[in-house]
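These figures come from a predicted structure and were not determined experimentally. Each chain gets a letter, A, B and so on, in the order its sequence line appears, and its residues count up from 1.
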Protein chains: 2
Amino acid sequence: MTDINTSKTTATTITSDKFKVACSNCNLRELCLPMGFNAEEMLRLDEIVATRKQVKQGQHLFTNGDPFTSLYAIRTGFFKTCVASEDGREQVTGFQMAGEIIGLDGIVTDHHNCDAVALEDAEVCIMPFSNVEHLSREFPVLQRHVHKIMSREIVRENGMMMMLGNMRAEERLAAFLLNLVQRLHARGFSQSELILRMTREEIGSYLGLKLETISRTFSKFSEDGIIEVKQRYVRILDADQLKQLCNLQTSI
Amino acid sequence: MTDINTSKTTATTITSDKFKVACSNCNLRELCLPMGFNAEEMLRLDEIVATRKQVKQGQHLFTNGDPFTSLYAIRTGFFKTCVASEDGREQVTGFQMAGEIIGLDGIVTDHHNCDAVALEDAEVCIMPFSNVEHLSREFPVLQRHVHKIMSREIVRENGMMMMLGNMRAEERLAAFLLNLVQRLHARGFSQSELILRMTREEIGSYLGLKLETISRTFSKFSEDGIIEVKQRYVRILDADQLKQLCNLQTSI
DNA sequence: TATTTTGTTTGACTTAAATCAATGTGCTAG
DNA sequence: CTAGCACATTGATTTAAGTCAAACAAAATA
């Protein structure tokens, strides 16, 4: 377990390289660095990411109905977003990790339309949306980036609709694992092993399945030699077979 | 059938009032009218909606993989958007009517990530996205509006995920009908009757169900006196019961 | 008008996943 | 160390929706 995404155990050892990679996308300042800004422009961009916030495991970053003021760029930690129906059924709509943005759901109504909950201790950058908009007017490259972030979320959710509408349990779980591992890999973690930050029930909610089905499907994959599972630890033994299982393009 | 959304039969009779309402949202010029722009500013905004395009029934407005250059504001007609998996399964991701925007899926990758198909003869405004971005920098109110359009789509898709992940066939169809009729009502059409522009199969694809299930559920609703169905014509007899069936907030 | 074609309804049967239930596992805290 | 708790696994059974198939209706075409 050298390379794995065990934040608590290895958080102190991941000091420079890993951390830089993991956070390379995590706020707009770092993000715009490779876009050729000068020092002064960088300072301006810093205005929108000056404030940081710690969120303890289990705590809500925001809740459905909260007034919308800011987007949040995740620096460290892991979140879920979920919506609830009137009669209490809950649907996890996404899992977000370092470098990803939460809060886009609030723009349209000026209040949030889902809950964001930390699945482990986390740190976020608070980006007041009026600042984002103001600076977007000044820096076209930032404006385009904000648009891309929103468009990416729309495309991701299109893929989720395909998954929930058309795919069988095995396909869904395969696509889910591949997507997770791919995103972790882009942050410098292993391609073949990961620690799940969520329960079987949360995975089930996300994939439109019950927790028992998730458990059974994990066991099936394990028996077939496709993965090795032990509690939250998952190692991918046969990525090709996993890819074959899901004909969905998890490209984004 | 006085008030119903029969575009072909009544298109010529809907000249002034109805047409204005139906199209009140249909492009940025009309949309920004109530925002207090002066004539000169209006002319500037006209730049991005100068071009119109006709799309015949069955034709693609754009196709997955097409280079992304523009958003499209629907003036008249009805579209579906859909994504396909590698093995050919198709998922309808949305139905769009006059006043709504298509093409947001293309921003993130500079090419489109779904197909947009006209379900009846349609006219759209072509809005080159670079123009939209340019003018957004100049007019904060337009910038905010563009952000809201994207956020609304994200929230809508969150609701779809709840639907596809948690709701039963009856709930899905009830929510679908209520949503359609509500959007039509906002455009000046009847609250209680509508003409479906799509097949049972397309409804099924959208709702994650098979066409036979759609047909059976229509029949069930009809037997229960909740709706009257005859082919594509639907009249809602008991909206309350329909609302009770779906505990989903179809607010947006 | 006759004839395909396309879309819809309905019935009989199957199945994937849900539900219900029991047991197992590994933390956490006293 | 062990008691309690949250989470996970596995088995038995049920069920909502899918599948297969036939008949029907409406629209398009000849």
Side-chain angles (χ1 to χ4, degrees), chain A residues 6 8-9 56-58 80 89-92 117 119-121 163-177 195-224 227-234 245-246, chain B residues 6 8-9 56-58 80 89-92 117 119-121 163-177 195-224 227-234 245-246:
Chain A
T6 52
K8 274 184 185 169
T9 51
K56 286 274 171 204
Q57 182 175 0
K80 71 170 176 181
R89 282 174 289 184
E90 184 177 284
Q91 171 76 33
V92 173
V117 183
L119 295 181
E120 59 178 358
D121 292 356
M163 191 128 115
L164 294 167
N166 284 293
M167 294 168 80
R168 289 172 312 105
E170 289 187 21
E171 300 178 271
R172 296 186 202 190
L173 191 59
F176 172 71
L177 288 175
I195 300 279
L196 299 170
R197 297 270 104 102
M198 69 296 280
T199 66
R200 304 289 192 258
E201 188 167 20
E202 285 163 335
I203 298 173
S205 173
Y206 183 57
L207 300 179
L209 301 165
K210 294 295 164 187
L211 67 98
E212 295 94 332
T213 304
I214 300 300
S215 185
R216 275 184 243 273
T217 310
F218 268 131
S219 301
K220 171 95 177 9
F221 284 174
S222 194
E223 284 160 26
D224 294 355
I227 61 171
E228 182 193 333
V229 204
K230 190 165 191 190
Q231 300 289 119
R232 303 286 181 98
Y233 169 81
V234 177
L245 268 171
C246 64
Chain B
T6 52
K8 274 185 185 169
T9 51
K56 286 275 172 202
Q57 183 175 1
K80 71 169 176 182
R89 282 175 287 185
E90 184 177 284
Q91 171 75 35
V92 173
V117 183
L119 296 180
E120 59 178 358
D121 291 357
M163 191 129 116
L164 294 168
N166 285 292
M167 294 169 79
R168 288 173 311 107
E170 288 186 21
E171 299 179 271
R172 296 186 202 190
L173 191 59
F176 172 71
L177 288 175
I195 301 279
L196 299 170
R197 297 268 104 102
M198 70 296 280
T199 67
R200 304 291 192 258
E201 188 168 20
E202 286 163 334
I203 299 173
S205 173
Y206 183 57
L207 299 179
L209 301 166
K210 294 294 162 187
L211 68 98
E212 294 94 330
T213 304
I214 301 299
S215 184
R216 275 184 244 274
T217 309
F218 268 132
S219 300
K220 170 99 178 8
F221 284 174
S222 193
E223 285 160 24
D224 294 354
I227 62 172
E228 181 193 334
V229 204
K230 189 166 192 189
Q231 299 288 120
R232 304 286 181 98
Y233 169 81
V234 177
L245 269 171
C246 63

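Between the P atom of D/dC7 and the CD1 atom of A/I203 lies a distance of 13 Å, rounded to the nearest Å. D/dA25 atom P lies 11 Å from atom NZ of B/K230, rounded to whole Å. Between B/R168 atom CZ and C/dA16 atom C1' there is a gap of 18 Å when expressed in whole angstrom units. Atom C1' of nucleotide D/dA17 and atom CD of B/E171 are separated by 14 Å, given to the nearest angstrom. Atom CZ in B/R200 sits about 12 Å away from atom P in C/dG7, given to the nearest Å. Here C/dA16 presents its C1' atom at 15 Å from NZ of A/K210, a figure rounded to the nearest Å. For the pair B/Y233 OH and C/dT8 C1', the interatomic distance rounds to 18 Å; values are reported in whole Å. The distance from atom CD of B/E223 to atom C1' of C/dT9 is 11 Å, rounded to the nearest whole Å.
Between the side chain of A/Q231 and the base of C/dC27, no donor-acceptor pair of N or O atoms lies under 3.5 Å. A donor-acceptor contact under 3.5 Å links the side chain of A/R216 to the base of C/dT19.
Residues B/L164 and A/M163 have side chains not in contact (no heavy-atom distance under 4.5 Å, counting atoms from C-beta outward).
Counting non-hydrogen atoms under 4.0 angstrom, B/T199 reaches the backbone sugars and phosphates but no base. Among the heavy atoms of the strands, none lies under 4.0 Å from B/R172. Heavy atoms of A/T213 sit under 4.0 angstrom from primed sugar atoms or phosphate atoms, though from no base atom. Here A/L211 lies in heavy-atom contact (under 4.0 Å) with a base. When heavy atoms are screened at a 4.0 angstrom cut-off, B/G208 is found touching the sugar-phosphate backbone but no base atom.
Annotation: side-chain contact (heavy atoms from CB on, under 4.5 Å) contacts of B/S215 (sequence neighbours excluded): none.
Which of D/dA21, C/dA17, C/dC20 sits closest to the side chain of A/E212 comes down to C/dC20. Listed nucleotides D/dT9, C/dA17, C/dT19 differ in distance to A/S215; the shortest reach to its side chain belongs to D/dT9. Comparing D/dA17, C/dA17, C/dT8 against the side chain of A/L209 picks out C/dA17 as the nearest.
In this structure, the side chain of B/T217 engages the main chain of B/T213 through a donor-acceptor pair within 3.5 Å.
Between A/I203 and the options A/L209, A/L211, A/L196, a side-chain contact (heavy atoms from CB on, under 4.5 Å) holds for only A/L196.
Taking a 6.0 Å sphere around CD of A/E201, one finds it holds 12 or fewer heavy atoms contributed by other residues, nucleotides or ligands.
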